[in-house]
Amino acid sequence: MDRYFDQSIKGVSTGTTILAVKFNGGVIIGSDSRASMGGSYVSSKTINKLIQVHDRIFCCIAGSLADAQAVTKMAKFQLSFHSIQMESPPLVKAAASVMKELCYSNKDELQAGFITAGWDRKKGPQVYTVSLGGMLLSQPFTIGGSGSTYIYGYVDSKYKPDMSREECLQFATNAIALAMGRDNVSGGVVHLVVITEDGAEHVVIPGDKLPKFHDE
């Protein structure tokens with residue numbers, strides 16, 4: 001694994017706002033699309049931070065983009081091999097556990113954290129946080145990245161269990177839009193993926209279509 005984490009390729013950070021939240025029948029995972037270097041220079045406005053690791057399982061990334069891409073590439077390979085061996089799609093928890101093991105075994109080299117979310121036939125919609133050092137937590141919703149510090153109050157007050165798909169889409173959109181309005185390294189467009197038993201649907205909301213909460 002060490003060859004995947006060459007210190008010389010670090011530099012581009014996703015300087016980001018990411019989230020995942022369960023609703024009645026599925027889960028939504030989302031992020032902004034801005035990448036930065038050194039926390040101030042915006043290197044890209046169009047990064048897609050939502051990475052599909054299997055049919056109904058996605059990860060979103062925060063931290064070093066090089067590290068995150070290396071980990072998700074390895075995770076996709078392991079999950080594909082696992083599904084062939086088991087002759088069935090991997091569980092969401094199995095995907096999160098693969099991410100956890102990769103992060104823990106390389107914790108001294110990595111500078112990236114992940115949210116893993118998806119749907120499987122055993123437990124339905126699920127959300128897992130994989131922290132920088134490899135800790136794994138199951139939660140009904142979670143937020144991460146630099147922009148998350150601005151929206152803890154909002155998500156704590158507005159989240160409710162068993163939201164409808166439409167309520168959850170509005171909740172996720174509002175949360176990311178609020179963070180993008182305050183965090184200088186979050187921005188661009190909002191990427192959302194709605195994951196249910198029927199599959200995954202990618203929704204992109206341009207910046208000029210986002211809700212406004214204050215003068216920007």
Side-chain angles (χ1 to χ4, degrees), residues 9-23 27-51 58-72 99 103 110-117 127-133 135 137 139-160 163 167-194 202-216:
I9 62 174
K10 287 180 180 172
V12 178
S13 167
T14 53
T16 187
T17 302
I18 57 176
L19 63 78
V21 55
K22 293 196 293 186
F23 64 91
V27 61
I28 291 177
I29 189 168
S31 75
D32 71 311
S33 66
R34 181 174 290 178
S36 62
M37 297 183 71
S40 56
Y41 170 71
V42 177
S43 56
S44 176
K45 298 179 181 179
T46 57
I47 292 289
N48 183 6
K49 304 170 189 177
L50 308 181
I51 299 174
F58 280 73
C59 292
C60 51
I61 57 179
S64 166
L65 190 58
D67 289 354
Q69 288 175 335
V71 170
T72 52
M99 301 293 292
C103 288
L110 285 176
Q111 295 180 1
F114 303 86
I115 295 173
T116 303
V127 172
Y128 295 93
T129 301
V130 181
S131 67
L132 193 62
M135 182 175 65
L137 290 173
Q139 298 174 292
F141 75 94
T142 187
I143 58 177
S146 57
S148 67
T149 57
Y150 299 94
I151 57 173
Y152 276 102
Y154 175 82
V155 297
D156 284 342
S157 64
K158 296 297 185 181
Y159 170 79
K160 59 183 180 180
M163 286 186 284
E167 288 175 324
C168 195
L169 276 169
Q170 194 62 59
F171 172 84
T173 302
N174 288 351
I176 297 174
L178 279 166
M180 288 167 59
R182 297 293 188 188
D183 181 28
N184 69 317
V185 287
S186 294
V189 303
V190 171
H191 288 280
L192 300 172
V193 175
V194 184
H202 195 174
V203 178
V204 179
I205 306 172
D208 60 353
K209 302 296 183 182
L210 292 173
K212 303 288 185 182
F213 298 96
H214 51 79
D215 293 334
E216 296 178 337

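What you see is a predicted model; the values in this text were computed from it and never measured.
Ile151 and Leu178 make their closest contact through CG2-CB, 3.8 Å (heavy atoms, listed as atom of the first residue, atom of the second, distance). When every heavy atom of Ile29 is checked against every heavy atom of Phe58, the shortest pair comes out as CD1-O, 3.8 Å. The shortest non-hydrogen separation linking Val189 to Gly207 is CG1-N, 4.1 Å. Heavy atoms only, all atoms of each residue included: Cys59 and Thr72 are closest at CB-CG2, 4.5 Å. For the residue pair Pro140 and Val127, the shortest heavy atom distance occurs at O-CG2, 4.1 Å. Across Ala179 and Gly147, no two heavy atoms sit closer than the pair CB-O, 3.5 Å.
Atoms CE and NZ, from Met163 and Lys22 in turn, are 11.0 Å apart once rounded to the nearest 0.5 Å. In this structure, CG on Leu192 lies 6.5 Å from CG on Leu169, to the nearest 0.5 angstrom. Considering CG of Leu110 and CG of Asp67, their distance stands at 5.0 Å, rounded to 0.5 Å. Distance check, rounded to the nearest 0.5 Å: CD1 of Ile115 to CG of Leu137 gives 11.5 Å. Note: Ser31 OG to Met180 CE = 9.5 Å, rounded to the nearest 0.5 Å. For the atom pair OG1 (Thr16) and NZ (Lys49), the distance works out to 3.0 Å, reported to the nearest 0.5 Å.
Between Thr173 and Leu210, the closest side-chain pair of non-hydrogen atoms falls below 4.5 Å. Here the side chains of Phe114 and Ile18 are not in contact, with every heavy-atom distance at 4.5 Å or above. With contacts defined as side-chain heavy-atom distances shorter than 4.5 Å, the pair Asp156/Phe141 qualifies.
Note on ring orientation: taking the six-membered ring where Trp is involved, the planes of His191 and His202 are tilted (angle from 30° to 60°).
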Audit row: Val155, Leu19, side chain to side chain contact (heavy atoms under 4.5 Å, CB included) steps and yes/no: CA-CA 10 Å; Val155 297; Leu19 63 78; 5.7 Å; no
Please lay out, stage by stage, how Ser186 and Arg34 fare under the test side chain to side chain contact (heavy atoms under 4.5 Å, CB included). CA-CA 6 Å; Ser186 294; Arg34 181 174 290 178; 5.8 Å; no
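Listed for the Ser148 side chain is no donor-acceptor partner under 3.5 Å among the backbone atoms of Ile143. The backbone N or O of Lys45 lies less than 3.5 Å from a partner atom in the side chain of Ser33, making a donor-acceptor pair.
Here Phe23 pairs with nothing under the ring pair (Phe, Tyr, Trp, His ring centres under 6.0 Å) rule; sequence neighbours left out.
Counted by atom type alone, Thr17 and Asp32 present zero donor-acceptor pairs between their side chains at under 3.5 Å.
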